[in-house]
There are 2 protein chains.
Amino acid sequence: MLGYVLRRAQSAVFDDFANTFDKAGEALTPGEFGLLVLVDRNAGLSQMALARALGIDRSTLVPILDRLQERGLLMRHRSPTDGRTHALALTPNGEKALARFARLVRAHEKRIASQLSAAEIRVLIDLLEKVHAGARSL
Amino acid sequence: MLGYVLRRAQSAVFDDFANTFDKAGEALTPGEFGLLVLVDRNAGLSQMALARALGIDRSTLVPILDRLQERGLLMRHRSPTDGRTHALALTPNGEKALARFARLVRAHEKRIASQLSAAEIRVLIDLLEKVHAGARSL
DNA sequence: TATTGTTATACTCTATAACTATA
DNA sequence: TATAGTTATAGAGTATAACAATA
């Protein structure tokens, strides 16, 4: 029952995220937003480090970065200290886009929490973290 | 923030689901479980009706049913009243498998809720439904 | 004409295995 | 030898468009 309700809520939230961006003429997934935030806050990190932080395989990351790079949001620089790694960073355009995206995400967050009081939001986040902890105890 | 926490919890729950089935030597996704439950409780329903209930396109459903049918869990019967539709039903083997699956899902649900009291579970479900309602208000 | 199921096609996310360049 | 990134490949979920059978 809990798993089902969680899945439904998550699905509605995902749809709202997509809709928010769509109506603003932008296109981004929650995963892409999280990736951009990570790169922004940790400029220079490698693809391996990013993949680890996102919990995905390094090969999965490649086409995702390709797309973001084609969109001019992000760049792979060659690391001067380790020729094997790419130092990731947002482009100036990527920084500007991320600021726009962050505004949209705030509006989205506001809407998904619109039926909850501030206290309820805190309780919900707390309970979700307990679910996370419980599920992790394999 | 809420969106992110929700996504993380959902991801951990999904992993626990997969792990539970894996360790029991079974293979099933939450979506497949939901589908089997729907067919079990509404024997004879059509693919269109099932797709609508699942919120997916009818063309998406086809390969999913193909796989379940290949596994001998489910059958497409020709409807006597409407030659266009298939009446879906679980096979006897599918019924037995679903009983096994339901046991595993109960164990899984117990684990993801292991850090929560009964009262907290009720509150969490309530709050998640409010999130669902808020996100739906597009 | 409209509906149901199927197929063809196309993206995206996901992974594993093998390859290249570098350490 | 080991690590980082890439490519090839494969499977699953998702969709749209076109098609055949049926209503």
Side-chain angles (χ1 to χ4, degrees), chain A residues 7-8 10-12 14-15 17-19 21-22 27-36 39 42 44-71 73-89, chain B residues 7-8 10-12 14-15 17-19 21-22 26-36 38-39 42 44-71 73-89:
Chain A
R7 211 147 56 90
R8 261 195 6 155
Q10 158 67 20
S11 170
F14 186 92
D15 289 351
F17 190 102
N19 233 293
F21 277 72
D22 212 54
L28 206 76
T29 63
E32 287 169 334
F33 180 71
L35 187 156
L36 291 177
V39 172
N42 307 278
L45 92 170
S46 71
Q47 296 186 196
M48 268 304 289
L50 180 55
R52 222 176 296 120
L54 294 172
I56 62 178
D57 192 82
R58 66 190 198 274
S59 69
T60 303
L61 186 56
V62 173
I64 298 173
L65 292 179
D66 287 347
R67 218 171 333 116
L68 262 13
Q69 194 166 0
E70 272 161 33
R71 288 172 64 179
L73 302 179
L74 169 152
M75 274 184 57
R76 290 159 159 122
H77 299 284
R78 198 151 273 290
S79 162
T81 57
D82 186 339
R84 295 171 302 181
T85 70
H86 288 166
L88 301 173
Chain B
R7 211 149 55 91
R8 262 195 4 157
Q10 159 66 21
S11 168
F14 186 91
D15 288 350
F17 190 103
N19 233 294
F21 277 72
D22 211 55
E26 308 270 14
L28 206 73
T29 64
E32 287 169 335
F33 180 72
L35 187 156
L36 292 177
L38 272 173
V39 172
N42 305 278
L45 92 170
S46 71
Q47 295 186 196
M48 266 306 288
L50 180 56
R52 222 176 295 122
L54 293 171
I56 63 177
D57 192 83
R58 64 190 199 274
S59 68
T60 303
L61 186 55
V62 173
I64 298 173
L65 292 179
D66 287 347
R67 216 170 334 113
L68 263 12
Q69 193 166 359
E70 271 159 34
R71 288 171 65 179
L73 302 178
L74 169 152
M75 274 183 57
R76 289 158 160 122
H77 299 285
R78 199 152 272 288
S79 163
T81 57
D82 186 339
R84 295 171 302 182
T85 70
H86 289 166
L88 300 173

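Throughout, protein chains are lettered first and strands after them, A, B, ... in sequence-line order, and every chain is numbered starting at 1.
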Result block: side-chain N/O donor-acceptor pairs under 3.5 angstrom for residues 50-59 of chain A, not counting sequence neighbours:
| from | atom 1 | to | atom 2 | distance (Å) |
| --- | --- | --- | --- | --- |
| A/D57 | OD2 | A/S59 | N | 2.9 |
| A/D57 | OD2 | A/S59 | OG | 2.8 |

- Under 4.0 Å protein heavy-atom contacts per nucleotide of nucleotides 1-9 of chain C, with B for base, S for backbone only and - for none: --BBBBB--

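Atom-to-atom distance recorded for B/E32:CD and B/L65:CG is 10.5 Å, nearest 0.5 angstrom. The CG atom of B/L88 sits 11.0 Å away from atom CG of B/L36, with the distance rounded to the nearest 0.5 Å. Taking CG of B/L28 as the start and CZ of B/F17 as the end, the distance is 5.5 Å to the nearest 0.5 Å.
Within the 3.5 Å criterion, the main-chain N or O of B/L38 finds a donor-acceptor partner in the side chain of B/N42. Using modelled atom types, one side-chain atom of A/R78 and one backbone atom of A/G83 make a donor-acceptor pair closer than 3.5 Å.
For the side chain to side chain contact (heavy atoms under 4.5 Å, CB included) with B/D66, the qualifying choice from B/I64, B/L68, B/V62 is B/V62, the only one to do so.
Where DNA chain D meets chain A (any atom under 4.0 Å from a heavy atom), the bounding nucleotides read 5' to 3' are D/dT3 to D/dT7.
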